[in-house]
Amino acid sequence: MVRNGGADNTKDAPRIRTALGLHPQIAHERKGELPLFERLLPQVRYVGEIGLDGGPEYRRYWLDQEHVFTRVLSLCARVGGRVMSIHSRRASTQVLDALVTEPSAGIAILHWFSGTQRELARAVDLGCWFSVGPAMLAGDKGRALAAKMPRDRILTETDGPFAQVDGRAAWPWDANRAVEALSKIWSEPIDTVQRQLDGNLRRLSSQGVAGG
């Protein structure tokens with residue numbers, strides 16, 4: 001949402017960062033907003049949620065998704081790179097191919113990654129980060145993938161309000177449940193896991209991408 005002619009109205013909230021996104025599930029409806037996206041991009045350091053969705057209900061909009069995603073990556077590269085939260089449901093290979101095509105787009109954080117183990121290994125080799133939440137880590141596949149992700153490139157998320165926790169929309173503090181799940185996956189105390197995640201976030205925040 002844009003107010004007062006600008007993309008970022010959180011300057012008085014030091015723990016909140018504005019991200020400029022164009023979700024693949026609505027790319028076909030909002031592709032006309034790409035010029036607005038381009039105009040606002042210099043004002044933010046974070047971009048997301050962007051990406052591709054290969055779910056059957058969105059396949060008919062695939063060309064629109066590709067157009068929007070590749071254009072956003074190109075724009076990010078042009079302005080010196082951004083920290084990007086990327087959606088890749090049933091489209092992991094295509095997302096990774098696009099990242100290879102635009103290596104200067106910035107730091108890719110694969111949100112709720114659900115690809116294969118081979119796709120995960122490729123993402124790791126490409127330097128991708130990963131954000132995991134309680135809904136992802138509730139399933140066997142999600143836990144198995146998280147176990148193979150580099151610990152120094154993992155962040156927590158909730159995916160709220162879309163993800164559900166105990167039958168309700170997830171709230172920001174539900175990210176603590178992801179910490180608890182990672183503690184079990186890593187066989188590490190919760191405070192050790194939290195220190196690792198805090199360090200990851202600080203390192204990500206300090207990495208050199210333009211903007212903001």
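We count residues from 1, following the sequence as given.
- His87 and His111 have tilted rings, their planes meeting at an angle from 30° to 60° on a 0 to 90° scale.
- Within the 4.5 Å cutoff, the side chain of Cys128 has heavy atoms near those of the Leu99 side chain.
- Here Leu182 contributes atom CG and Ser187 contributes atom OG; the two are 11.5 Å apart, rounded to the nearest 0.5 Å.
- Smallest separation of non-hydrogen atoms from Arg177 and Pro134: CB-CB, 3.8 Å.
- Residues Val132 and Ala178 share a closest heavy-atom pair of O-CB, 3.9 Å.
- Linking Ile, Leu, Val, Met, Phe, Trp and Tyr whenever their side-chain heavy atoms come within less than 4.5 Å puts Met84 and Leu34 in one cluster.
- Inspection of the Thr93 and Glu119 side chains reveals an N or O donor paired with an N or O acceptor under 3.5 Å.
- If you chain together hydrophobic residues whose side chains sit under 4.5 Å apart, Ile26 and Phe37 never meet in one group.
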* To do: For the pair Ile107 and Trp129, evaluate side-chain contact (heavy atoms from CB on, under 4.5 Å) and give the outcome as yes or no after the intermediate values.
  => CA-CA 8 Å; Ile107 299 169; Trp129 288 57; 3.7 Å; yes
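- Remark: the Asp198 side chain and the Gln194 side chain contain an N/O donor-acceptor pair separated by less than 3.5 Å.
- Note that OH of Tyr46 is 12.0 Å distant from OG of Ser85, once rounded to the nearest 0.5 Å.
- Minimum interatomic distance between Ser92 and Gly115 (heavy atoms only, all atoms of both residues): OG-CA, 3.5 Å.
- To the nearest 0.5 Å, atom CG of residue Asn200 and atom OG1 of residue Thr156 are 9.5 Å apart.
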* **Trace of the side-chain contact (heavy atoms from CB on, under 4.5 Å) decision for Arg153 with Ile109** => CA-CA 9 Å; Arg153 281 188 255 156; Ile109 304 170; over 6 Å; no
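- The side-chain heavy atoms of Ile86 and Leu52, taken from C-beta on, include no pair separated by under 4.5 Å.
- Residues satisfying the salt bridge (Lys or Arg N to Asp or Glu O under 4.0 Å) test with Arg59, not counting sequence neighbours, are none.
- Between the OH atom of Tyr61 and the CD atom of Gln25 there is a distance of 11.5 Å, given to the nearest 0.5 Å.
- Interatomic distance, CD of Gln207 versus CZ of Arg45, reported as 8.5 Å (0.5 Å rounding).
- The nearest pair of heavy atoms linking Met136 to Met149 is CE-CE, 3.7 Å.
- Pairs of residues two or more places apart, or lying in two chains, that qualify as salt bridge (Lys or Arg N to Asp or Glu O under 4.0 Å) and include a residue from residues 135-151 are Asp140-Arg143, Arg151-Glu188.
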* To do: Take Leu197 and Leu155, measure what side-chain contact (heavy atoms from CB on, under 4.5 Å) needs, and give me the verdict at the end.
  => CA-CA 6 Å; Leu197 296 171; Leu155 306 168; 5.9 Å; no
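- A search for salt bridge (Lys or Arg N to Asp or Glu O under 4.0 Å) contacts involving Glu33 returns Arg30, not counting sequence neighbours.
- Screening residues 94-106 for side chain to side chain donor-acceptor pair (under 3.5 Å) gives Asp97-Arg122 as the qualifying pairs, with residues at least two apart or on separate chains.
- Taking each heavy atom of Pro24 and Gly51 in turn, the nearest pair found is CB-O, 3.3 Å.
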* To do: Just do the side-chain contact (heavy atoms from CB on, under 4.5 Å) check on Phe113 and Ser88 with the steps written out, would you?
  => CA-CA 7 Å; Phe113 183 80; Ser88 59; 3.9 Å; yes
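- Counting only heavy atoms from C-beta outward, the side chains of Leu137 and Ile185 approach each other to under 4.5 Å.
- Residues Pro150 and Phe130 are in side-chain contact: their nearest non-hydrogen atoms beyond the backbone lie under 4.5 Å apart.
- Arg82 has its side chain within reach of Leu41: a pair of non-hydrogen atoms, C-beta onward, lies under 4.5 Å apart.
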Less than 3.5 Å apart, which donor and acceptor atoms pair up between the side chains of residues 63-76 and the rest of the protein, not counting sequence neighbours?
unit_1: Asp64; atom_1: OD1; unit_2: Lys31; atom_2: NZ; d: 2.8
unit_1: Gln65; atom_1: OE1; unit_2: Asp53; atom_2: N; d: 2.6
unit_1: Gln65; atom_1: NE2; unit_2: Asp53; atom_2: O; d: 3.1
unit_1: Gln65; atom_1: NE2; unit_2: Tyr58; atom_2: O; d: 3.2
unit_1: Glu66; atom_1: OE2; unit_2: Trp62; atom_2: NE1; d: 3.1
unit_1: Thr70; atom_1: OG1; unit_2: Glu66; atom_2: O; d: 2.7
unit_1: Thr70; atom_1: OG1; unit_2: His67; atom_2: O; d: 3.3
unit_1: Arg71; atom_1: NH2; unit_2: Glu38; atom_2: OE1; d: 3.3

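- Residues Leu145 and Ser114 share a closest heavy-atom pair of CD1-CA, 3.9 Å.
- Between Asp191 and Arg195 there is a salt bridge, with a side-chain nitrogen of the basic residue lying less than 4.0 Å from a carboxylate oxygen of the acidic one.
- The line from OG of Ser183 to CD of Gln196 is 13.0 Å long, rounded to the nearest 0.5 Å.
- Among residues two or more places apart in sequence or in another chain, the salt bridge (Lys or Arg N to Asp or Glu O under 4.0 Å) test is passed with Arg90 by none.
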